[in-house]
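I have placed the structure first, in the form of structure tokens, so that the comments after it can refer back to it.
First listed ligand is number 1; within each ligand, the first listed atom is number 1.
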Amino acid sequence: MNNATQSKSAFIDPAAIPQRELYTGATMPAVGLGTFGSDHVTPDQVAEAVKGAAAVGYRHFDCASVYGNEREVGASLEAIQGNGIKREELWITSKLWNDKHGENDVIASCRKSLADLRLKYLDLYLVHWPFPNFHPPHCDVTSRSPDAKPYIHASYMKTWRKMEELVDMGLVRHIGTSNMTIPKLKLVLRDARIKPAVNEMELHPHFQQPELFKFVLDNGMQPIGYCPIGSPGRPERDRTPEDAAPTEDPVILEIAQRHGVSPAAVCIKWAVERGQTPIPFSVHHYRDNLECVTSDPLTEDEMRAIAALDRNCRLIKGQVFLWKDGQSWEALWDVNGEITPP
Ligand SMILES: NC(=O)c1ccc[n+]([C@@H]2O[C@H](COP(=O)([O-])OP(=O)(O)OC[C@H]3O[C@@H](n4cnc5c(N)ncnc54)[C@H](OP(=O)(O)O)[C@@H]3O)[C@@H](O)[C@H]2O)c1
């Protein structure tokens, strides 16, 4: 099905989409549209999907400066509002890229995203990764920046102070983290004046991150789940032979058959029922991905069966952000329960 076919399909009432309440009392739709074209879907195709998705009922869009399409997406967001959808009905997220952590760069970078997206404010602005490590677009996983650094909490907090200033300035309604771990989040929660409202993290049936998921909720944040269907279109550089594919899992396939929906829809239903906010990317299936959360929920048995599928299989390992030769990607994720020493 192409974009045009999708956008003519029946409208899904946004009021039928579950909402997440943030600690500020604001509500965020519990399904959003991802906008990372994975290096093979063009900015114009993504922008077209944003328009089509709004036309079928999406109100939540997950953007980022590094996706290289905020100008095109911004034109769609302007058109959407011209078609009668009010700004306050939309939830727009953007993210600060790794090369803009410097104290003088944060506000300027947010202003650039706002200008590109043609918005006066963002609902949510995230620090995309907790490392200030830059790598050239499209590089392979063996690429390392000579200036790459480990997580340095004092440096992160300097960036965070600027994020807090964005809230004070009214440019951003909420701020949040992404790709964090429990030990890093503990320090940020201890030191933040304005606490993160969300943590965006990889979440799908083969990578459920139960401890971090619980930690995020227990601390009054919302977990936003990226790669919710296992990112079947991710770039080659993000693939390794051990990677699992949740949409090919026999348990998911069987549940999909029982409900008469796609395996992707099962992953999205599971995500919403579990309590995270999935942000599936799609230029072809976005309507199905929204409609599936409005009816025919998974049963408790099915939820339990999917809970048992966790394989701790991280797909987005982040190798390019490593700071030392010979390191394994696990160093980025504090797998020993403490921040990996420099
Ligand atoms: N914070 C971070 O560091 C971070 C990292 C990664 C991603 N993200 C965000 O998360 C979003 C989602 O992640 P992702 O794009 O990597 O992975 P994903 O949403 O798990 O997978 C997207 C892929 O699945 C296909 N697809 C979607 N719905 C489908 C359906 N119902 N049936 C069959 N195929 C379907 C899409 O193809 P079609 O287009 O053909 O439908 C696309 O190739 C990104 O776009 C981005 O906004 C954030």
Ligand 1 N/O within reach of E200 N/O, cut-off under 3.5 Å: yes
Close-contact set for ligand 1 against G233 heavy atoms, below 4.0 Å: 43 (O)
What are the two closest non-hydrogen atoms of V73 and A47, and how far apart are they? N-CB, 4.1 Å
Any non-hydrogen atom of Y67 lying under 4.0 Å from ligand 1? yes
To the nearest 0.1 Å, how far is atom 40 (O) of ligand 1 from its closest protein heavy atom, and which atom is that? H284 ND1, 2.7 Å
Mind checking whether F36 has an N or O less than 3.5 Å away from an N or O of ligand 1? yes
Just heavy atoms, cut-off under 4.0 Å: does S178 contact ligand 1 by side chain, backbone, both, or neither? side chain
Closest protein heavy atom (residue, atom, distance) for atom 37 (O) of ligand 1: H285 ND1, 4.4 Å
Taking atom 28 (N) of ligand 1 as the reference point, the nearest protein heavy atom with its distance: N289 ND2, 2.9 Å
Is R311 close enough and on-axis enough to F207, meaning under 6.0 Å and within 45°, for cation-pi? no
Linking I/L/V/M/F/W/Y whenever any side-chain heavy atoms sit under 4.5 Å apart, do L315 and L332 land together? no
Is the NZ or CZ atom of R274 both under 6.0 Å from the centre of the six-membered ring of F213 and within 45° of that ring's axis? yes
Does at least one non-hydrogen atom of I316 fall below 4.0 angstrom from an atom of ligand 1? no
List ligand 1 atoms under 4.0 Å from H128, heavy atoms only on the residue side. 1 (N), 2 (C), 3 (O)
Can you tell me which residue and heavy atom of the protein come closest to atom 6 (C) of ligand 1, and the distance to 0.1 Å? Y226 CD1, 3.3 Å
Check: D288 N/O within less than 3.5 Å of ligand 1 N/O: no
If every non-hydrogen atom of I17 is compared with every non-hydrogen atom of A30, which pair is closest and at what distance? CG2-N, 4.3 Å
Are F61 and W91 near enough that their ring centres are under 6.0 Å apart? no
Using distance alone, decide if ligand 1 has a nitrogen or oxygen within less than 3.5 Å of any nitrogen or oxygen in A265. no
Ligand 1 to N179 polar contact by distance, N or O atoms, under 3.5 Å: yes
With a sphere of 6.0 Å drawn around CD of Q257, does it hold more than 12 non-hydrogen atoms of other residues, nucleotides or ligands? no
Of the listed options (P280, S231, C63), which comes nearest to atom 16 (O) of ligand 1 when hydrogens are ignored and any heavy atom counts? S231
Is there a path of hydrophobic side-chain contacts, each under 4.5 Å between heavy atoms of I/L/V/M/F/W/Y residues, joining M28 to M221? yes
Pair T42-Q45, side-chain donor/acceptor within less than 3.5 Å: yes
Going by the 4.0 angstrom heavy-atom rule, the piece of V283 near ligand 1 is both
For atom 47 (O) of ligand 1, the protein heavy atom that lies nearest, with its residue and separation: D62 OD2, 2.7 Å
Where is the nearest protein heavy atom to atom 26 (N) of ligand 1: which residue, which atom, and how far? I229 CD1, 3.3 Å
Go through the steps to decide whether R161 and D168 satisfy the test salt bridge (charged side-chain N to carboxylate O under 4.0 Å, His left out), and finish with yes or no. CA-CA 10 Å; R161 294 289 172 238; D168 297 339; over 6 Å; no
Report the part of T247 (side chain from C-beta onward, or backbone N, CA, C, O) that has a heavy atom under 4.0 Å from ligand 1; answer both or neither where that applies. neither
Think K184 forms a cation-pi with Y156, using NZ or CZ under 6.0 Å from the six-ring centre and within 45 degrees of its axis? no
Which atoms of ligand 1 sit under 4.0 Å from any heavy atom of A264? 29 (C), 30 (C), 31 (N), 32 (N)
Does R234 come within less than 4.0 angstrom of ligand 1, counting non-hydrogen atoms of the residue? no
What protein heavy atom sits nearest atom 11 (C) of ligand 1, and how far off is it? I279 O, 3.2 Å
CZ (R71) with more than 12 external heavy atoms under 6.0 Å: no
Does NZ or CZ of R287 come closer than 6.0 Å to the centre of the six-membered ring of F11, within 45° of the ring's axis? no
Would you say Y226 ends up clustered with Y125 if hydrophobic residues are merged whenever their side chains have heavy atoms under 4.5 Å apart, either directly or through other cluster members? yes
In the protein, what heavy atom is nearest to atom 36 (C) of ligand 1, and what distance, to one decimal place, separates them? F281 O, 3.6 Å
Indicate, as side chain, backbone, both or neither, the part of V41 found under 4.0 angstrom from ligand 1 when only non-hydrogen atoms are considered. neither
May I ask you to check whether W323 and W329 place their ring centers less than 6.0 Å from one another? no
Can C227 be said to touch ligand 1, with heavy atoms closer than 4.0 Å? yes
